[in-house]
Number of protein chains: 2
Amino acid sequence: MSDARRKFKRETADQRKEALIQATLSLVAEKGVRGATVRAIAERADVTQGLIRHYFSTKEELVTAAYETHMTEMTDLTFTMAAKVQGTARDHLAALVRTSLEPPVADPRAVALWASFLNKVQQDAQMKATHERTYADFRDRLQDLIRAALDEAGQSVSDTRLHHLATACNGVIDGLWLEGGALPDAFAPGELPGIGVESVGAIIGLDLEQRANQP
Amino acid sequence: MSDARRKFKRETADQRKEALIQATLSLVAEKGVRGATVRAIAERADVTQGLIRHYFSTKEELVTAAYETHMTEMTDLTFTMAAKVQGTARDHLAALVRTSLEPPVADPRAVALWASFLNKVQQDAQMKATHERTYADFRDRLQDLIRAALDEAGQSVSDTRLHHLATACNGVIDGLWLEGGALPDAFAPGELPGIGVESVGAIIGLDLEQRANQP
DNA sequence: TTCGTAATTATGCAAGTGTATAAATACGAA
DNA sequence: TTCGTATTTATACACTTGCATAATTACGAA
C-alpha cells in the first residue's frame, strides 16, 4: 500500500503533546480558554479530537500543561537572552530591562495569553502556583542585578530599601510589558525599552543609558 | 391578588438594562466573555433568559454595551476623584497618579475585566474605538498636567520631548495599574501609588512627593 | 373597574460542547 | 513476512449554548 493512502502517521508522545500544546496556546491567545475548544485544537494540530483524550485525560489538564509550557518558555527566553550580554553590572541590568521589553518577550501574543489565562490563574491553585513561582524568580533575579549595579557604583542600600527598589522596578517592567503587548502601535520601535531603562534608572538613581566604556 | 403572589415586577427600561449590564460585567470579570452565558447573566440579574433578548437583540450587543459602560465609568471616576484635589499643578499631577493606582480605580475586578475583554477589543472595531478613545483621553489629560507642572517649575520642554514624557508616564501608570490589579498581594497598602509618584517624578525630573507648601 | 399592551416568563430548537467508547490502522518485534 | 498492540480515527451521548417564538402577567389608561 502506498504512503499516499496512509490515513495517519504515528508520532512520538512528546511530539504529539507539544503539537497539541502549541495548538492550544495559539487558540487561547486568539479566543480565550473557552474559545479554544477541543475540536478547534484538534483541527489546528491536524488530528481528530479523540486523540486529545489519549494524551490528556481532560481539557483542563491540557490547558494547565499549556500554561506551564508558556510560562517556562517565557522565563527561559528572557534570562537566556539577557545573559548573553557582556559588561558591567549596570550593563547587565540595562540588558535585562531591554530584553524584557523587546520582541520576542514583549509581544502581543504573549500578552494576549497572559490576559486569557488570568481568570484561571486566579481560581486554579496549580496555575496560581506556577504564576507566583515565575513572578518571584524574575523579581529575585532583578533584585540581584540592582544590588550589583548599586554596589558597583559605590552605593549601599538597606535590605528594605533594596526590596522596595526591586518591587518598583519589577512593577514598571511588567507594566510596560503589558502596555507594549496590549497597544503595540502606541509606541515607536525601540521606544518601550528606552522608557523602561530610563524609568528603572531613575528609580534606582543610576544612569543606565550610557554604556560602560563611554568617552 | 396579594403582592406575595406576583410572579414578576415591571421595571423601567433603564433600570433593567443597567441591571443586565452589571450582571454581565460581574460574570465577565469572573469567567470571561464566553463564560458569561445568557442564562447565567439572567440568573444573576434575577430575570429569565428571554428578557435579555427583549432589551438586547443579541449577546454581542449586551457585551458591547457593558464594555462601553465600564470604560466610561472608569474614566469618569478617575477624573472626578483627581479633580477634587486643590493645590499646585504639581499636586494635581501627583493626585492623578495616586488616584489611578488606588482603589477603586486600581482594583482586581477592573483588571480582570480588562483582561477578559482584551480579545474582543482587538477584534471588534467598535470596542477597539471605545478603547482607543479612553486611552487617548487619559494620555492627553496627563500630558496637560505634565506641561503645567514643568511650566510651574520654570522648565520648558519641546513638544516632542513632552510627548515622550507623557507616553512614558502613561505607560508606567497603566502598567502599575495592571500589576496592582493582577497581583494585589505583591504590594503593601499604599506602596503602589508611592511607586507611581516616585517613577513619574523621576521620569519628568520633578519631586512629586513633597506637597506644595512645605517648610 | 375593565382592558390593551408592553414586559416578562415559559418552552423549544439547532448547533456546539466535553467526554466516553468502539473500530480502524500504522509500525516495530518476532 | 506476520502479528500484537499502542496510536489514531470514528461515532455517539448527554449537556450547554444562543436564539426564536408562544404563552402569561403586570400595570397604566379609559
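Residue numbers start from 1 in every chain, and the chains themselves are labelled A, B, ... in the order their sequence lines are given, proteins ahead of strands.
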Visitor: Among all residues two or more places apart in sequence or in another chain, which pass the side chain to side chain donor-acceptor pair (under 3.5 Å) test with B/K31?
Guide: none
Visitor: Taking only nitrogen or oxygen atoms into account, show me every contact under 3.5 Å that the protein makes with nucleotides 27-30 of chain C, one pair per line with its distance.
Guide:
residue, atom, partner, partner atom, Å
C/dC27, OP1, A/R10, N, 3.4
C/dC27, OP2, A/R6, NE, 3.3

Visitor: When you compare the protein's N or O atoms with those of nucleotides 16-19 of chain C, which come within less than 3.5 Å of each other, and at what distance?
Guide:
residue, atom, partner, partner atom, Å
C/dG18, OP1, A/K59, NZ, 3.0
C/dG18, OP2, A/V38, N, 2.9
C/dG18, N7, A/R39, NH1, 2.9
C/dG18, O6, A/R39, NH2, 2.9
C/dT19, OP1, A/T58, OG1, 2.6
C/dT19, OP2, A/K59, N, 3.0
C/dT19, O4, A/Q49, OE1, 2.9

Visitor: Measure the distance from CZ on A/F56 to C1' on D/dT7 and round it to the nearest whole Å.
Guide: 15 Å
Visitor: Nearest-Å distance, CD1 (B/I52) to P (D/dG18)?
Guide: 9 Å
Visitor: Check this one for me: any side-chain N or O of B/Y55 less than 4.0 Å away from OP1 or OP2 of C/dT8?
Guide: yes
Visitor: Taking B/S116 for its side chain and B/V28 for its backbone only, find out whether a donor-acceptor pair lies under 3.5 Å.
Guide: yes
Visitor: Would you kindly check if the NZ (Lys) or CZ (Arg) of A/K17 is within the cone defined by 45 degrees around the ring axis of A/F56 and under 6.0 Å from the six-membered ring centre?
Guide: yes
Visitor: Taking all non-hydrogen atoms of both residues, which atom of B/L192 and which atom of B/G180 are closest, and how far apart?
Guide: CD2-CA, 3.4 Å
Visitor: Send over the distance from B/K17 NZ to C/dA7 P, rounded to a whole Å.
Guide: 11 Å
Visitor: Compare the minimum distances between each of C/dT9, D/dA10, D/dT7 and the side chain of A/H54, then state the nucleotide with the smallest one.
Guide: D/dT7
Visitor: Please identify each residue that fulfils side chain to side chain donor-acceptor pair (under 3.5 Å) with A/S158, with sequence neighbours left out.
Guide: none
Visitor: To the nearest angstrom, how far is B/E43 atom CD from D/dG18 atom P?
Guide: 14 Å
Visitor: For B/L27 and D/dG18, give me the distance from atom CG to atom P, rounded to whole Å.
Guide: 11 Å
Visitor: Grab the CD-P distance between B/E11 and C/dT8 for me, whole Å please.
Guide: 7 Å
Visitor: Measure from CG on B/L62 to C1' on D/dT17 and round the result to the nearest Å.
Guide: 15 Å
Visitor: Looking at A/K7, I'd like to know whether one of its side-chain N or O atoms comes within less than 4.0 Å of OP1 or OP2 on D/dT9.
Guide: no
Visitor: Write down the distance between CZ (A/R16) and P (C/dA26), rounded to a whole number of angstrom.
Guide: 13 Å
Visitor: Who passes side chain to side chain donor-acceptor pair (under 3.5 Å) against B/H54, sequence neighbours left out?
Guide: none
Visitor: Go through the side-chain N and O atoms of B/Y67 and B/D124 and say whether any donor and acceptor fall under 3.5 Å apart.
Guide: no
Visitor: Ignoring hydrogens and geometry, is there a side-chain-to-backbone donor-acceptor pair from B/T130 to B/Q126 under 3.5 Å?
Guide: yes
Visitor: Sequence neighbours excluded, which residues qualify as salt bridge (Lys or Arg N to Asp or Glu O under 4.0 Å) partners of B/R147?
Guide: B/D144
